[in-house]
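These notes concern the structure reproduced below.
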Protein chains: 2
Amino acid sequence: MDALDRQIIAALRTNGRATYADLGRQVGLSASAVHERVGKLESSGVITGYHAVVDPRLVGLGVTALVGIHPSDTADDDEVAAALARLPEVESCYAVAGDEAFVVKVRVATVDDLERTLVRLRRIDGVARTNTTVVLSTRFEGRPNSPEEPAPRAE
Amino acid sequence: MDALDRQIIAALRTNGRATYADLGRQVGLSASAVHERVGKLESSGVITGYHAVVDPRLVGLGVTALVGIHPSDTADDDEVAAALARLPEVESCYAVAGDEAFVVKVRVATVDDLERTLVRLRRIDGVARTNTTVVLSTRFEGRPNSPEEPAPRAE
DNA sequence: GGTGAAAGGATAAAATG
DNA sequence: CATTTTATCCTTTCACC
């Protein structure tokens, strides 16, 4: 992991579909050198994947909420996390310090769906209570913060 | 936006580097048909970009926190959001309902850095108080939840 | 909308410095 | 480690349906 690797990672974070030839031009290496480096970054687990980013509103997921999950006394964290993972509406799940066991990010189409999802969350064994914060607007999300990045916008 | 588009989106969410030929095989179209559809999805703003996903711990960002931003009485939300965007440690920023104006996700290397970042956050004009929740572990993050997905893993 | 063909480019896997 | 090379595959455009 040298400066070149970090440059390549930064480039792939802003444009995950950049070709190896492009990356090579950006960092001053041949395409095959970049290819080999990226392969190593992937197999060493530094790069875990590549995702298209979609505007949630345009795919029918206009409602986002952050939900704190309060555990019951008998809760098994791993079981709760596994149950949370089974709900497709739960996009992210963080185990946290504090009264809550987890904070999850939920994306659904409507507030009705949100209500249904919250009912499902509260029915999970080990969940005592939920504390929901509705997201009014996403100002920015998932910015690459590691190295130098001029713009938060992608592609 | 038909079922084919949704399939293509799902495929690109799980593997943002899938080739058009790959996508074509997955959805039963020719590569050029997929190419045209993806182009339209991009220019219509449905697909906003492609990002490599990196293991934060392996790039020196082992500490994650969720920070609620309490506004002062005179706060201008847009100015606060702009100031938050200027801090590279702030990866995501959500305007929320409730006492807090924003919830942000912060990623830093150490708890020392977290403390420094919190000081900077509280110094922002319009920020009265912060409420920090330290993330102990990320169980999963950024899963594609839209359509059918067998595995949350990418690539 | 889709297909298929063809030129130009990119990838992947060698051998080499 | 990077480069160059090579065969193979992919991208991109275009004529056509």
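We name chains A, B, ... by the order of the sequence lines, and we start the count at 1 in each one. Computed from a predicted structure; not experimentally measured.
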Under a 4.5 Å cut-off applied to non-hydrogen side-chain atoms, are [X] and [Y] in contact?
{"X": "B:Val67", "Y": "B:Val103", "value": "no"}
{"X": "B:Arg139", "Y": "A:Asp77", "value": "yes"}
{"X": "B:Pro71", "Y": "B:Val127", "value": "no"}

**Q.** A:Glu36 CD to C:dA15 P, straight-line distance once rounded to whole Å
**A.**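 My rounded result for the distance is 14 Å.
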Q: Grab the CG-C1' distance between A:Leu29 and D:dT3 for me, whole Å please.
A: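 Rounding to the nearest Å, CG of A:Leu29 and C1' of D:dT3 are 10 Å apart.
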Q) Has the side chain of B:Arg143 got a donor or acceptor atom that lies under 3.5 Å from a matching backbone atom of A:Ala85? A)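 Pair found, side chain donor or acceptor close to backbone of A:Ala85.
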Q) If only side-chain N and O atoms of B:Arg37 are considered, is one of them under 4.0 Å from the OP1 or OP2 phosphate oxygen of C:dG1? A)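 It does not, given that no N or O in the side chain of B:Arg37 lies less than 4.0 Å from OP1 or OP2 of C:dG1.
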Q) In Å and rounded to the nearest 0.5 Å, what is the CD to CG distance from B:Glu79 to B:Leu84? A)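 Rounded to the nearest 0.5 Å, the CD-CG separation comes out at 12.0 Å.
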Q.
Give me each pair satisfying ring pair (Phe, Tyr, Trp, His ring centres under 6.0 Å) with a member in residues 1-45 of chain B, each pair once, sequence neighbours excluded.
A.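 Every ring pair (Phe, Tyr, Trp, His ring centres under 6.0 Å) pair that includes a residue of residues 1-45 of chain B, provided the two are not neighbours, is B:Tyr20-B:His35.
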(Q) Please tell me whether A:Lys105 and A:Tyr94 have a donor and an acceptor in their side chains that are separated by less than 3.5 angstrom. (A)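 Judged by distance alone, the side chains do not pair up.
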Q. In the 5'-to-3' direction, what one-character label does each nucleotide of nucleotides 5-17 of chain D receive under the scheme B = base within less than 4.0 Å of a protein heavy atom, S = sugar-phosphate only, - = no such atom?
A. -----SSSB----
Q | Dot-bracket line, read 5' to 3' along DNA chain D, where crossing pairs take [ ] and | marks a partner on another strand, Watson-Crick or G-U under 3.5 Å | A | |||||||||||||||.|
(Q) Using a 6.0 Å cut-off, check whether atom CG of A:Asp125 has over 12 heavy atoms from anything other than its own residue. (A)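 It does not: A:Asp125 CG has 12 such atoms or fewer within range.
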